[in-house]
Amino acid sequence: MLKPKETFKVTPWIVEGEVNYEILVEKFGLRKIDREILNLFISAIKEIPPLIRRGIFFSHRDLDKVLREFLQGKKFYLYTGRGPSGPMHIGHIVPFLFTKYLQEKFKADLYIQITSDEKYMYHKEYKPEELERRTIDNILDILALGFDEKRTYVIDDLVDIKYIYPISISIARKVNFSVVRAVFGFNESTNIGMIFFPAIQAAPCFIGYFVSKENKNCLIPAAVDQDPYWRITRDIAFKLGFPKPAQIHGKFLPSLKGLGKMSSSIPESSIYLSDDEVDVRRKIWNAFTGGQPSIREQRIKGGNPDICRVYSYMYFLFEPDDKRLKEIYEECRGGRRICGDCKEELINKINYFLKKHKQKRESIKEKVKNYMLSEKVSLEDLERNVYRLLR
Ligand code: TYM
């Protein structure tokens, strides 16, 4: 629950209220994406990534350094992840699609961590029998987005813990309880698993170094709620002999119902990747829009796309063409477009995307093994290197 004076709240587990990203940048001590970053992208890949151009990925830590060093020949690997608390919704795929874009453009290795351990320890109602099912289900949804098979390593915490545990304990030894309490708001009733967990989520920030045996930087694309983890990791990176992992932070695809991000506990607030055509139609027709109460008023006064959830879906994912998006915006403002027009257009786009996604999900089933860290990297080989951290 929000405290009396809070208008919004962002932690890795709770996002509430209407997030003010300007305030968040101040509060978290982030740097906004500026002209220098845009120029570095143009020098490196000849374009500005579309999700940055739209302001959806909006802030960073050390991205300038990673891009500058890339231009001088130092590669970086990407790291992102998912906690399989339930089925994935459309919001969850925003950072993954952005990561896929970066992987393609920079030909970067990518580590994807699946933190079923985190969700099991955090959600008291999480049933053990759901762990495996949800983990597999989420991995399929992620891989269906189309990552480079050769360059992608999925770390399933429960199965692959032996790959990251030595790194985690080297991190854990350097982080005091007072730090995690201050950063995450832990208290006496927090279970001890959660108190240790930040060392598990931090570990993949360094694993790329051991797998490729090259001195690379690490760049983490994720929504901004995950930033607290990286604050801790950045503080101890030098002590372990690594560069600080860099981040690029995304905004949240908002709830279809109005305030806040989409929530797995309120099914009507999100479109799930498993939703069928009927679900999509119902949810979009019931979504919060910036429209006027009647068509007549809409024609006279125009609508407000800035607060409209249907428009935000187009803006984040479903209308890649900037020119077309601008037309939709202006038609709405000028009353030439009514909410029903936008809703029908969006329903068709989402249903088309989900149909294709489900097909890709089916076709990737046979290939999951090819992406798993434990299938691709020999533990003995990795251990020889990782154990030097413990010395
Ligand atoms: P999780 O499963 O909560 O979220 C997965 C990714 O989705 C982002 N996200 C969103 N992005 C846009 N719109 C939304 N409405 C929205 N909701 C969530 C999250 O920021 C995240 O990028 N602890 C992590 C798993 C993890 C991880 C990582 C995430 C482990 N290592 C490294 C990012 C980077 C978690 O539970 O994410």
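Order of listing sets the numbers, starting from 1, for every ligand and every atom in it.
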Taking the basic N atoms (NZ, or NE/NH1/NH2) and the acidic carboxylate oxygens, is any pair closer than 4.0 Å for Arg333 and Glu330?
no

Going by an N to O cut-off under 4.0 Å, is there a salt bridge joining Lys213 and Asp381?
yes

List, by chain and number, the other hydrophobic cluster members for Phe238, where Ile, Leu, Val, Met, Phe, Trp and Tyr join if side-chain heavy atoms come within less than 4.5 Å, directly or indirectly.
none

Hydrophobic clusters join Ile, Leu, Val, Met, Phe, Trp and Tyr when side-chain heavy atoms are under 4.5 Å apart, directly or via other members; which others share one with Tyr352?
none

Does Lys119 come within less than 4.0 angstrom of ligand 1, counting non-hydrogen atoms of the residue?
yes

Evaluate salt bridge (charged side-chain N to carboxylate O under 4.0 Å, His left out) for Lys74 paired with Glu69, printing each intermediate quantity in order.
CA-CA 5 Å; Lys74 181 168 174 175; Glu69 292 185 3; 3.7 Å; yes

At under 4.0 Å between heavy atoms, which part of [X] makes contact with ligand 1: side chain, backbone, both or neither?
{"X": "Thr115", "answer": "side chain"}
{"X": "Gln226", "answer": "side chain"}
{"X": "Pro95", "answer": "side chain"}

Close side-chain approach of His60 and Gln247, heavy atoms under 4.5 Å
no

How about Phe98 and Ile93: do any of their side-chain heavy atoms sit closer than 4.5 Å?
no

Go through ligand 1 atom by atom and flag the ones less than 4.0 Å from a non-hydrogen atom of [X].
{"X": "Leu253", "answer": "12 (C), 13 (N), 14 (C), 15 (N)"}
{"X": "Lys251", "answer": "12 (C)"}
{"X": "Gln113", "answer": "30 (C), 31 (N)"}
{"X": "Asp225", "answer": "19 (C), 20 (O)"}

Per atom 26 (C) of ligand 1, closest listed option by heavy atom (Met88, Gln201, His249, His92)
Gln201

Heavy-atom proximity to atom 9 (N) of ligand 1, best of Ala223, Ala222, Pro254:
Ala223

Nearest heavy-atom approach of Ser116 to Asp156 is OG-OD1, 4.0 Å

Any nitrogen or oxygen of [X], main chain or side chain, under 3.5 Å from a nitrogen or oxygen of ligand 1?
{"X": "Val94", "answer": "no"}
{"X": "His89", "answer": "no"}
{"X": "Trp230", "answer": "no"}
{"X": "Tyr229", "answer": "no"}
{"X": "Glu118", "answer": "yes"}
{"X": "Gly83", "answer": "yes"}
{"X": "Phe252", "answer": "no"}

Using ring centroids (six-membered ring only for Trp), state whether Tyr111 and Tyr77 fall under 6.0 Å.
yes

Tyr79 and Gln113 side chains, donor-acceptor separation under 3.5 Å:
yes

Could you check Trp13, Phe197, Phe186 and say which one makes a ring pair (Phe, Tyr, Trp, His ring centres under 6.0 Å) with Tyr122?
Trp13

